[in-house]
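Just so we're clear, the structure is a prediction, and the values are computed from it rather than from any experiment. When a ligand or atom number is given, it counts from 1 through the structure's own listing order. Residues take their numbers from the sequence shown, with the count starting at 1. Scope of the values below: all heavy atoms of this structure, side chains included, with no hydrogens, waters or symmetry mates.
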Amino acid sequence: KKYAAELKFCQTVLKELTSKKYESFSFPFLQPVDPVALNCPSYFKVIKKPMDISTIQNKLNTNQYESGAEFEEDIRLMFRNCYKFNPDASPVNIMGHRLEAVFDKKWEE
Ligand SMILES: Cc1ccc(Nc2c(-c3ccc(O)cc3)nc3c(C)cccn23)cc1
């Protein structure tokens, strides 16, 4: 069915984003931001809806997405959070743009 094929493609896209070849710029996005570990106490004041790839993977595995569009919403939320918290041209901001470029290419494949 279309629905199953759509969600299967989401799995393929996540596999691409977490591939070792991108680990030099995907690592800030693989796990939830830990404001204590990263020493960024303002994080939860600035970012109201945290999102990361491991959370998206879990939602996909537990059928919490109704469609590919909902999956894409969480991916885009993750990158918006990154651009909001990390100043333009900062290392993690640039990593976000690089990983989003990988997503864009695979998503429109
Ligand atoms: C004081 C300070 C300033 C910036 C950061 N950014 C940051 C983020 C981050 C990722 C996504 C996101 O939505 C927000 C932040 N991930 C990291 C990592 C893995 C290492 C170093 C910095 N990192 C951390 C602490």
Side-chain angles (χ1 to χ4, degrees):
K1 261 165 73 356
K2 187 178 169 312
Y3 169 76
E6 217 174 307
L7 293 188
K8 194 169 176 315
F9 183 61
C10 294
Q11 195 65 32
T12 304
V13 171
L14 276 190
K15 192 157 175 51
E16 174 74 359
L17 292 182
T18 55
S19 130
K20 272 184 81 66
K21 64 185 165 192
Y22 306 124
E23 66 184 355
S24 65
F25 54 90
S26 66
F27 70 89
F29 311 99
L30 299 179
Q31 297 301 322
V33 171
D34 176 349
V36 175
L38 294 176
N39 185 28
C40 51
S42 66
Y43 186 71
F44 291 129
K45 284 184 205 54
V46 175
I47 301 302
K48 294 307 171 198
K49 283 182 69 185
M51 190 48 64
D52 73 285
I53 289 172
S54 73
T55 301
I56 294 170
Q57 181 68 73
N58 181 56
K59 285 178 74 171
L60 197 55
N61 296 347
T62 54
N63 298 315
Q64 293 181 54
Y65 291 120
E66 294 242 300
S67 64
E70 273 190 20
F71 165 84
E72 182 183 11
E73 268 175 44
D74 272 352
I75 293 278
R76 300 296 185 194
L77 168 64
M78 175 179 75
F79 289 123
R80 272 199 317 281
N81 289 344
C82 170
Y83 305 144
K84 182 173 185 189
F85 189 79
N86 299 280
D88 273 1
S90 65
V92 174
N93 180 289
I94 291 167
M95 290 175 186
H97 286 295
R98 290 183 67 191
L99 193 65
E100 190 168 25
V102 170
F103 174 77
D104 287 342
K105 194 163 180 301
K106 193 71 183 171
W107 189 244
E108 294 312 325
E109 186 170 84

Legend entry - Any Ile75 side-chain heavy atom under 4.5 Å of Leu17 side chain: yes
Legend entry - CZ-CZ distance between Arg76 and Phe79, expressed to the nearest 0.5 angstrom: 7.5 Å
Legend entry - Centroid-centroid under 6.0 Å between Tyr83 and His97 rings: yes
Inset, instruction - Determine the minimum heavy-atom distance between Cys82 and Val92, stating which atoms define it. - result: SG-O, 3.5 Å
Legend entry - Distance-only N or O hit between ligand 1 and Asn39, under 3.5 Å: no
Inset, instruction - Taking only Lys NZ, Arg NE, NH1 and NH2, and the carboxylate oxygens of Asp or Glu, determine whether Glu109 and Lys105 approach each other closer than 4.0 Å. - result: no
Inset, instruction - Run down the list Pro87, Ser90, Cys82 and name the one with the heavy atom closest to atom 13 (O) of ligand 1. - result: Cys82
Inset, instruction - Mark up the atoms of ligand 1 that fall under 4.0 Å of a heavy atom belonging to Cys40, in ascending order. - result: 1 (C), 2 (C), 25 (C)
Inset, instruction - Can you pull out the closest protein heavy atom to atom 3 (C) of ligand 1? Residue, atom name and distance to 0.1 Å, please. - result: Phe85 CE2, 3.8 Å
Inset, instruction - Locate the shortest heavy-atom distance separating Lys106 from Thr12; write the atom from each residue and the value. - result: CE-CG2, 4.0 Å
Legend entry - Asn81: numbered ligand 1 atoms lying under 4.0 Å from its heavy atoms: 13 (O)
Inset, instruction - Determine, step by step, whether Glu16 and Tyr22 satisfy the side chain to side chain contact (heavy atoms under 4.5 Å, CB included) criterion, reporting the C-alpha distance in whole Å, the side-chain angles of both residues, the deciding distance to 0.1 Å, and the verdict. - result: CA-CA 9 Å; Glu16 174 74 359; Tyr22 306 124; 2.6 Å; yes
Inset, instruction - Distance to 0.1 Å, residue and atom name: give those for the protein heavy atom nearest to atom 23 (N) of ligand 1. - result: Val92 CG2, 3.6 Å
Inset, instruction - Starting from atom 4 (C) of ligand 1, find the nearest protein heavy-atom neighbour and note its residue, name and distance. - result: Asn86 OD1, 3.4 Å
Inset, instruction - Return the residue, atom name and 0.1 Å-rounded distance of the protein heavy atom closest to atom 11 (C) of ligand 1. - result: Val33 CG2, 3.6 Å
Legend entry - Nearest-contact summary for atom 21 (C) of ligand 1 - protein heavy atom, Å: Leu38 CD2, 3.9 Å
